[in-house]
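In what follows, every heavy atom counts, from backbone to side chain, and hydrogens, waters and symmetry copies are set aside. In what follows, every chain begins at residue 1, and chains take the letters A, B, ... in the order their sequences are listed.
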Number of protein chains: 4
Amino acid sequence: MNSCFYECTIILYSYIRRHSYNTIMAGNTIGKLFSLTTFGESHGKVIGGIIDGCPSGLEVDMHFVQKQMDRRRPGQSRIVTQRKESDKVEFLSGIFEGRTTGAPIGFVIPNEDQKSKDYDHIKDLFRPNHGDFTYQQKYGHRDYRGGGRYSARETACRVVAGAVASQILIAEKIKVYAYVSQVGDIKLDKCHDDLDLKSIDDNILRCPDQEVAKKMISRIEEVRKEGDTIGGIVSGIITGVPIGLGEPVFDKLHADLGKAMLSINAVKGFDCGFAFEGLGMKGSEFNDTFINKDGKITTKTNYSGGIQAGISNGNDIYFQVVFKPVSTIMQKQMTVNTDGEEVEIEGRGRHDPCVLPRAVPVVDAMAAMVMVDHLLRSRTTKL
Amino acid sequence: MNSCFYECTIILYSYIRRHSYNTIMAGNTIGKLFSLTTFGESHGKVIGGIIDGCPSGLEVDMHFVQKQMDRRRPGQSRIVTQRKESDKVEFLSGIFEGRTTGAPIGFVIPNEDQKSKDYDHIKDLFRPNHGDFTYQQKYGHRDYRGGGRYSARETACRVVAGAVASQILIAEKIKVYAYVSQVGDIKLDKCHDDLDLKSIDDNILRCPDQEVAKKMISRIEEVRKEGDTIGGIVSGIITGVPIGLGEPVFDKLHADLGKAMLSINAVKGFDCGFAFEGLGMKGSEFNDTFINKDGKITTKTNYSGGIQAGISNGNDIYFQVVFKPVSTIMQKQMTVNTDGEEVEIEGRGRHDPCVLPRAVPVVDAMAAMVMVDHLLRSRTTKL
Amino acid sequence: MNSCFYECTIILYSYIRRHSYNTIMAGNTIGKLFSLTTFGESHGKVIGGIIDGCPSGLEVDMHFVQKQMDRRRPGQSRIVTQRKESDKVEFLSGIFEGRTTGAPIGFVIPNEDQKSKDYDHIKDLFRPNHGDFTYQQKYGHRDYRGGGRYSARETACRVVAGAVASQILIAEKIKVYAYVSQVGDIKLDKCHDDLDLKSIDDNILRCPDQEVAKKMISRIEEVRKEGDTIGGIVSGIITGVPIGLGEPVFDKLHADLGKAMLSINAVKGFDCGFAFEGLGMKGSEFNDTFINKDGKITTKTNYSGGIQAGISNGNDIYFQVVFKPVSTIMQKQMTVNTDGEEVEIEGRGRHDPCVLPRAVPVVDAMAAMVMVDHLLRSRTTKL
Amino acid sequence: MNSCFYECTIILYSYIRRHSYNTIMAGNTIGKLFSLTTFGESHGKVIGGIIDGCPSGLEVDMHFVQKQMDRRRPGQSRIVTQRKESDKVEFLSGIFEGRTTGAPIGFVIPNEDQKSKDYDHIKDLFRPNHGDFTYQQKYGHRDYRGGGRYSARETACRVVAGAVASQILIAEKIKVYAYVSQVGDIKLDKCHDDLDLKSIDDNILRCPDQEVAKKMISRIEEVRKEGDTIGGIVSGIITGVPIGLGEPVFDKLHADLGKAMLSINAVKGFDCGFAFEGLGMKGSEFNDTFINKDGKITTKTNYSGGIQAGISNGNDIYFQVVFKPVSTIMQKQMTVNTDGEEVEIEGRGRHDPCVLPRAVPVVDAMAAMVMVDHLLRSRTTKL
């Protein structure tokens with residue numbers, strides 16, 4: 001190494017030192033009354049979490065929970081990563097004789113397929129668009145194996161809590177749906193009213209239009225063959241919402257939904273109702289005028305997406321969640337190592353060409369948690 | 001009234017009763033360490049708030065605070081509402097001999113131009129797309145005058161806190177910019193790098209491209225003449241961001257920015273970096289590869305928008321905030337009154353044809369508060 | 001000044017610098033669902049606060065609020081400070097047509113009798129047992145006038161919020177009482193069951209036993225003549241408590257009551273049920289055995305003070321709050337100035353010889369707020 | 001059963017229904033920046049928790065953690081319960097290569113000695129002074145085995161988190177001590193300055209005065225032979241405290257310490273500095289006058305217990321925690337079953353005659369957590 005590099009490295013180090021505030025990390029909880037706190041790294045023994053604030057008396061359908069886990073599980077189809085994880089949840093507390101007791105619900109999910117050796121080569125590298133660099137700078141010390149804490153494996157814990165939350169919603173006749181509505185440039189151009197939401201799981205992509213799904217799947221396979229990846233949109237629908245959920249002024253229902261979605265790995269955008277799509281509309285077109293329908297006040301249209309002034313108005317809530325392409329690609333890329341040297345890197349291991357099919361249950365889960373939190377905030381009664 | 005209507009009304013009332021959870025409202029605070037709690041209604045004597053967690057020792061530039069207020073103030077130009085409010089902030093505590101003491105900063109802004117009579121006609125009406133209906137259902141009892149608590153007047157308090165936060169950022173060389181980048185269909189198609197961000201206030205719209213601004217202003221004037229309204233996009237840019245801000249896993253920096261923006265009245269969408277725009281991109285194109293630039297690690301491109309794995313990477317943060325058209329229009333619309341009868345309504349009073357020029361300082365303010373909160377969360381040292 | 005002193009001062013300064021973490025201050029909020037955030041300094045224009053999470057629909061009895069304020073007001077009797085403050089509360093929001101709307105309730109109380117000149121002589125002094133020293137060290141910069149933020153004047157805001165909370169409790173048939181039960185060594189040796197709690201305000205001390213009250217008042221007058229001060233105990237009683245309030249495991253009902261009381265200026269101790277008094281008792285004596293009384297399960301005795309395993313059991317809650325003697329005395333004391341020089345100081349102005357009579361409504365208020373918070377946490381239904 | 005009883009039972013049931021608000025439970029977290037959330041029941045597979053907000057870079061001494069656990073472990077001496085639990089902590093995340101990463105630290109402690117059969121006889125009984133009754137009423141459904149969630153076994157999780165916190169304090173030269181200072185009527189009448197705090201563990205009671213300890217141990221053995229139990233006081237001392245910890249006005253340092261202590265099972269009282277003991281003192285006696293000691297400002301006396309106006313002043317902090325006698329006694333007692341019938345009960349299983357020796361490490365732990373939380377709140381810098 002020549003002296004020039006050496007100097008640069010010194011500057012680099014002092015830069016890192018100056019800019020690294022290796023501090024506390026207390027963002028691992030979401031929800032005010034119904035809350036989830038998660039822990040665990042991709043290659044630790046387990047990941048897990050604590051659901052706090054779950055009302056007592058809920059009969060937990062374990063089969064339902066596991067079914068949701070299976071929807072997120074790796075290796076479920078040819079268009080997702082071939083890693084093997086059975087993702088069996090073990091509940092440790094808070095459920096007695098099949099029903100919740102009101103005590104915190106602790107749970108763990110074992111990490112089975114930890115090929116940590118796969119990651120030895122990235123120990124001293126910063127993989128493009130991963131958290132390697134920002135975590136190293138922020139914390140000074142990190143578990144680099146498989147992305148450690150910043151691995152999307154953490155979202156499995158969200159699915160567990162979401163599956164519990166969903167069961168509270170079901171009892172209230174509130175239903176949450178999520179589906180893939182865009183892959184790259186291929187867009188499902190239909191309103192959710194015109195879709196059969198029960199057919200979401202009829203294909204491996206989780207898009208309720210079977211024709212469009214085929215095209216999207218082809219696109220993903222194409223991209224995978226190139227060793228590349230692709231992003232897209234997961235759409236969410238919530239039906240049966242009571243009027244009055246959402247807390248002004250900062251905890252508006254769509255603000256909390258937005259934060260929940262934006263906290264999912266790879267998510268870069270969120271909108272609710274007509275937002276990006278409604279940009280050309282005028283107030284006279286956009287306004288959802290009220291009507292009296294059989295003695296019940298509702299609106300003629302639903303451009304607002306079921307939320308007005310931050311509070312649900314009884315209409316269906318719908319929103320879009322934009323995912324960027326998966327960062328790990330099977331192509332050579334240039335990057336920089338921890339010594340500041342530019343080096344070549346190539347993805348190894350088993351990765352998703354497109355995160356969307358497995359992201360669907362995560363979007364489901366986050367939406368369910370936000371809705372239960374606001375349901376409890378608005379009427380904290382016994383189940 | 002015939003008996004049929006009477007019956008409907010009974011159904012209506014029982015419906016309202018069944019669905020109204022007139023409960024607590026505790027969403028009036030934002031921020032974990034640097035926090036703002038607001039209070040006040042549009043037609044009360046004052047609105048105000050408490051800034052808590054502001055570090056001691058900050059010399060508060062009152063001129064700067066008022067300047068920000070003036071940017072949000074009604075009556076500032078021909079394309080905004082002609083209501084008259086001087087919006088003078090009165091600080092009540094937490095500042096002694098010109099400097100913050102670490103104690104909570106209480107403040108009020110008098111409501112001067114309360115033409116409450118203007119609102120008598122809407123007392124028993126649910127205006128389309130306003131909070132009239134959802135608030136009535138949620139709380140059972142509301143201050144309807146001028147929108148009461150759900151009036152965008154509340155955002156004036158945010159500008160006060162944001163102006164204090166901005167001064168902390170300035171001391172850290174972090175700069176926040178916001179500008180109008182789309183009005184209806186008219187889009188400013190330039191990257192922020194190619195714009196002169198110092199010229200944002202050179203026109204009444206707050207768009208840094210003077211040519212595009214002219215077109216946008218014409219569009220707004222056109223719409224106003226029709227008695228209609230229009231929405232658009234405010235873009236935000238944050239420069240000089242230290243590496244390491246943002247808390248995994250739920251309090252990712254862009255998740256907190258997203259929630260802050262989505263909590264602003266009329267906002268329906270948010271994205272950070274390339275999201276909606278990047279939908280066609282593949283991983284090989286989207287990945288921001290790391291480079292060593294003069295001994296400092298940075299990235300070649302910045303599609304991530306300065307945030308990776310939820311943590312700032314030192315690049316500029318950029319994001320988009322989508323505003324729907326203003327709900328009050330000067331045209332006749334059908335709606336429903338509190339008795340469930342369908343009636344005609346027409347906007348009165350003085351309203352904005354487009355909220356964007358006045359929304360710019362609010363976006364500024366929310367961004368500044370989120371950044372200071374995360375700055376304190378990452379290195380809570382003395383100014 | 002000789003060089004030795006000069007050296008000491010340098011050491012002192014570097015010591016102060018090393019030990020002063022002049023940082024954020026975010027402890028100005030209490031309560032999770034029914035919360036109070038306060039602001040304001042003793043000699044500012046006003047003090048005030050925001051009550052958030054108050055359910056909608058409460059008819060606020062302003063006369064009741066003011067009556068509670070008058071019980072805390074200075075100048076109310078010969079055994080308290082002769083300062084003049086009318087302590088008129090002005091509500092700024094959240095109440096419309098006499099009833100709460102669910103929106104945050106902002107309020108201010110003007111500071112009328114600010115003789116700030118009285119405090120010029122303490123600007124550069126650290127008064128014994130006041131916050132002068134600790135605030136200076138913590139924040140580097142403080143409003144010293146009348147104790148600024150650490151003045152007990154802040155408790156007036158608590159009385160406002162407590163008076164609102166009390167009205168919610170009254171509707172639920174829950175009653176909170178507080179009274180003076182010890183002044184110095186003079187103890188009211190009676191169980192609350194043997195006292196007429198309606199006679200608390202029959203004397204200026206607020207002790208429901210008129211004979212004991214006389215002795216206590218004499219003791220305070222004696223002490224005042226000496227230019228000295230004295231402490232004691234305020235006892236609290238809560239009746240009509242529903243079973244089931246209190247959240248395991250950290251937010252036990254008595255833990256939250258304890259924190260609320262210990263946060264009052266001058267409070268040093270708290271116990272609930274038989275604690276300090278029950279130290280000699282064995283389990284067989286202390287256990288409150290359950291009985292069936294007319295078809296209702298209750299306990300034979302109530303040594304637990306109405307709370308078991310952190311949750312109310314339907315019995316009366318009773319607790320004690322220990323106040324230290326007021327710090328400002330009308331005698332000469334030695335202290336140190338900000339230059340580290342030892343100097344003589346003597347109390348000026350108008351101070352309380354004993355804080356207890358005015359502390360009674362503050363204990364009332366804190367208890368009421370904790371109870372409403374837990375009531376909402378346990379059943380957040382409409383009023 | 002006669003009809004009278006039947007009627008009573010109906011009244012009873014309707015009473016229970018009326019008074020049971022089987023709601024959410026979100027009190028399982030303590031701490032704002034350094035926080036602990038616990039889960040688990042006495043007879044579940046494990047108990048555990050998540051420590052969030054622990055700074056990165058701490059080298060965790062596992063031996064130290066286990067040593068603290070052993071101090072709380074049952075079966076450690078003849079004066080505590082003879083239950084067998086090895087109480088081995090298993091850390092699941094947040095520690096990599098021996099050092100904390102800033103990620104949440106998940107951990108579990110297996111429940112080994114679950115003789116759940118021992119509790120079958122109490123399934124339908126309300127044991128005096130236990131949580132059986134209040135939990136049943138609050139939640140409607142509970143894990144009764146061994147006290148379930150309200151078992152003091154939960155405190156083992158606190159010891160884990162406290163042991164991590166202690167290591168942060170040690171690096172800052174802050175030391176926390178706890179010891180038994182009173183058993184029933186037998187009191188250790190010495191100031192902590194006159195005790196050798198290093199000798200706390202020299203006897204099985206954890207009282208640093210060996211002579212007094214002997215008397216106390218005899219007292220406990222006497223009580224145990226009677227099948228009875230006894231309470232007492234654990235005293236806490238914190239040395240090396242920097243000036244400036246504690247947040248006005250509600251999160252005063254002693255208010256947070258008080259809440260933490262009052263949240264420990266069986267604790268009924270708390271005081272800090274001279275409180276109950278100082279009741280006879282006048283202001284002129286109680287005031288800790290400032291002196292300049294070798295260029296450093298300190299106080300002549302320390303009646304305040306190291307905290308003034310809620311903020312540490314650099315002196316030793318000292319406080320007392322009052323524990324009631326253990327509820328389970330080996331004597332016959334009358335109680336009521338879930339049908340409202342009065343029945344006889346007698347303690348079975350293996351219980352503590354006095355909780356104090358095992359409570360010492362819990363008091364230690366709670367104090368350490370509060371101190372680290374406030375340390376981080378005051379200067380959130382890297383270790």
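- For B:Val223, the part lying under 4.5 angstrom from a heavy atom of chain A is the side chain only.
- Only the side chain of A:Ile329 comes within less than 4.5 Å of a heavy atom in chain B; its backbone stays farther off.
- A:Phe319 does not touch chain B: none of its heavy atoms, backbone or side chain, sits under 4.5 Å away.
- Heavy-atom distances place the side chain of A:Met366, and not its backbone, under 4.5 Å from chain B.
- For A:Arg158, the part lying under 4.5 angstrom from a heavy atom of chain B is the side chain only.
- In this structure, A:Asp271 does not pair ionically with B:Lys268, as no charged nitrogen and carboxylate oxygen lie closer than 4.0 Å.
- The contact between A:Phe286 and chain B is made by backbone and side chain atoms together, counting heavy-atom distances below 4.5 Å.
- Proximity to chain B (any heavy atom under 4.5 Å) is restricted, for A:Ile307, to the backbone atoms N, CA, C and O.
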Stepwise side-chain hydrogen bond (donor to acceptor under 3.5 Å, both in side chains) test for B:Ser284 and A:Asp228: CA-CA 6 Å; B:Ser284 56; A:Asp228 218 328; 2.5 Å; yes

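- Looking at A:Glu154, the atoms closer than 4.5 Å to chain B (heavy atoms on both sides) all sit in the side chain, from C-beta outward.
- At a 4.5 Å heavy-atom cutoff, the contact between A:Asp185 and chain B is made by backbone and side-chain atoms alike.
- Ring geometry for A:Phe126 versus A:Phe133: interplanar angle over 60°, hence perpendicular rather than tilted (30 to 60°).
- The parts of B:Val336 that come within reach of chain A are both its backbone and its side chain, each placing non-hydrogen atoms under 4.5 angstrom from that chain.
- Heavy atoms of A:Val267 lying under 4.5 Å from chain B belong exclusively to its backbone.
- Judged by distance alone, the side chain of A:Ser304 and the main-chain N or O of A:Gly306 form no donor-acceptor pair under 3.5 Å.
- Ring centroid separation for the pair A:Phe270 and B:Phe270 does not come in under the 6.0 Å cut-off.
- Contact annotation for A:Glu285: neither backbone nor side-chain heavy atoms come within less than 4.5 Å of a heavy atom of chain B.
- For A:Ser312, the part sitting under 4.5 Å from any heavy atom of chain B is the backbone (N, CA, C, O) and nothing else.
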